[in-house]
Amino acid sequence: MYDIEALYEAKTVEEAVTLLQEHPEAKIIAGGSDVLIKIREGRMAGCTLVSIYGIDSLRGVTMDEDETIRIGSLTSFLHITASEIVQKHINVLGEAVDKVGSPQVRAIGTIGGNTCNGVTSADSASTLWALDAIIEITGPEGVRRVPIREFYTGPGRVALKSAEIETAVLIPKKSYEGYQGHYIKYGMRNAMEIATTGCSVNVKLSEDRKIVEDVRVGFGVAAPTPMRAVTAEAKVRGMAANADTAKFLGKAVLEDVNPRDSWRAAKDFRLHLCSTMAEQAFLEAVKKSGGDLL
């Protein structure tokens with residue numbers, strides 16, 4: 001059923017890096033929800049795999065001493081949604097990954113696999129962009145940290161070098177403290193659907209909850225890679241936290257996004273979705289922040 005040349009199982013990060021050095025043609029497999037499908041379809045037939053699924057140190061959501069939230073790359077979507085740390089500080093990420101696939105996929109699919117695929121439709125991607133996430137990578141030269149905006153290098157491509165693996169997704173304190181967010185996914189069906197477009201909005205309001213001190217708008221399937229609507233963000237900072245600003249934001253994001261035509265949706269429809277979703281996600285984020293929208 002699965003045409004696999006060889007499978008090596010790593011028990012530690014160091015062993016995984018060594019195996020990848022010894023077998024430079026090998027592909028990494030974790031939960032396998034994407035890789036096994038590609039093998040079965042023939043797109044990766046005869047491949048060599050290095051499994052990192054047995055590296056338990058890469059699982060779980062914890063908080064570092066500087067209050068950076070650390071999400072191990074093998075943490076499943078199910079465990080991210082259930083994490084008390086996520087629920088308290090970055091619940092928007094729990095909302096986003098809870099929309100991935102089916103319960104079975106969410107139980108085995110991992111945040112590392114979702115980001116390393118490099119696809120713009122990944123449900124975690126737009127939210128991690130809106131959270132200013134940092135990707136921790138370990139390889140032969142040690143550990144390095146890459147801002148998520150630099151991690152995605154093109155359609156389906158990420159900044160992993162030879163023999164490197166993603167070991168964690170990091171959310172610094174400054175990226176979540178005082179913020180509330182909301183994620184919206186649009187698909188033709190309510191379940192088991194790849195996003196036609198995804199939008200995640202994080203807002204930080206003034207102390208009186210009337211002014212937008214900061215806003216971050218992340219999109220999936222609005223460009224070849226996940227992206228931020230930085231032009232729109234700059235225009236909205238300092239504006240009133242109300243419905244008029246939400247409408248303004250919805251129009252402003254059209255200066256940033258560049259979706260394509262595909263069999264899933266026409267470009268014009270995706271532009272409409274980007275505008276509407278940004279407006280609605282902003283409104284929900286403001287409500288979660290305690291704004292009254294008047």
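These figures come from a predicted structure and were not determined experimentally.
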Return the minimal non-hydrogen interatomic distance between V169 and A133, and the atom names on each side.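 Shortest heavy-atom contact: CG1-CB, 4.1 Å.
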
For a quick test of reading the model, state the closest non-hydrogen atom pair linking T120 to A223 and the distance between them.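 That would be OG1-O, 3.3 Å.
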
I need the [X] [atom1] to [Y] [atom2] distance, nearest 0.5 Å.
X    : Y    : atom1 : atom2 : answer
L93  : I111 : CG    : CD1   : 5.5 Å
I55  : S73  : CD1   : OG    : 8.0 Å
E67  : K174 : CD    : NZ    : 14.5 Å
S126 : I148 : OG    : CD1   : 9.5 Å

Looking only at atom types and distance, does a side-chain atom of [X] sit under 3.5 Å from a main-chain N or O of [Y], one as donor and one as acceptor?
X    : Y    : answer
K185 : K99  : yes
D208 : K210 : yes
E233 : V217 : yes
T115 : G112 : yes
T276 : H272 : yes
T197 : R270 : no
Q87  : T81  : yes
S124 : V97  : no
E164 : K161 : yes
N242 : T245 : yes

Sequence neighbours left out, what passes side chain to side chain donor-acceptor pair (under 3.5 Å) with [X]? Give chain and number order.
X    : answer
S275 : none
Q180 : none
S83  : none
T153 : none

Side-chain heavy atoms nearer than 4.5 Å, only ILVMFWY residues, links allowed to pass through others: does that put I4 and Y8 together?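 No, separate clusters.
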
Can you hop from F282 to M239 via hydrophobic side chains spaced under 4.5 Å?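 Shared cluster, yes.
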
Run the salt-bridge test on [X] and [Y] with the 4.0 Å N-O cut-off and return the result as yes or no.
X    : Y    : result
R228 : D132 : yes
R59  : D56  : yes
R106 : D98  : yes
E95  : K288 : yes

All side chain to side chain contact (heavy atoms under 4.5 Å, CB included) counterparts of I134, not counting sequence neighbours: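 So I134 forms a side chain to side chain contact (heavy atoms under 4.5 Å, CB included) with R145, L170, P172.
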
A quick test of your reading: do over 12 heavy atoms of other residues, nucleotides or ligands sit less than 6.0 Å from NE2 of H79?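 No, NE2 of H79 has 12 or fewer neighbouring heavy atoms, counting only those of other groups under 6.0 Å.
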
Which pairs of donor and acceptor atoms, one on a side chain in residues 11-32, lie under 3.5 Å apart (sequence neighbours left out)?
from, atom 1, to, atom 2, distance (Å)
T12, OG1, E15, N, 3.0
E15, OE1, K11, N, 3.0
T18, OG1, E14, O, 3.0

What residue among D123, N91, N202 forms side-chain hydrogen bond (donor to acceptor under 3.5 Å, both in side chains) with Y183?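 The residue from D123, N91, N202 that satisfies side-chain hydrogen bond (donor to acceptor under 3.5 Å, both in side chains) with Y183 turns out to be D123.
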
Would C199 and Q280 count as a side chain to side chain contact (heavy atoms under 4.5 Å, CB included) if you check the C-alpha gap in whole Å, the side-chain angles of each, and the deciding distance to 0.1 Å? CA-CA 10 Å; C199 178; Q280 294 301 315; over 6 Å; no

Checking side-chain polar atoms at under 3.5 Å, does T48 have a donor or acceptor matched by the opposite partner on E5?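 Looking only at side-chain atoms, E5 and T48 do not form any donor-acceptor pair under 3.5 Å.
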
Going through the checks in order, is the side chain to side chain contact (heavy atoms under 4.5 Å, CB included) test met by F219 and D256? CA-CA 10 Å; F219 279 107; D256 292 290; over 6 Å; no

Go through the steps to decide whether T127 and S200 satisfy the test side chain to side chain donor-acceptor pair (under 3.5 Å), and finish with yes or no. CA-CA 5 Å; T127 300; S200 190; 3.2 Å; yes

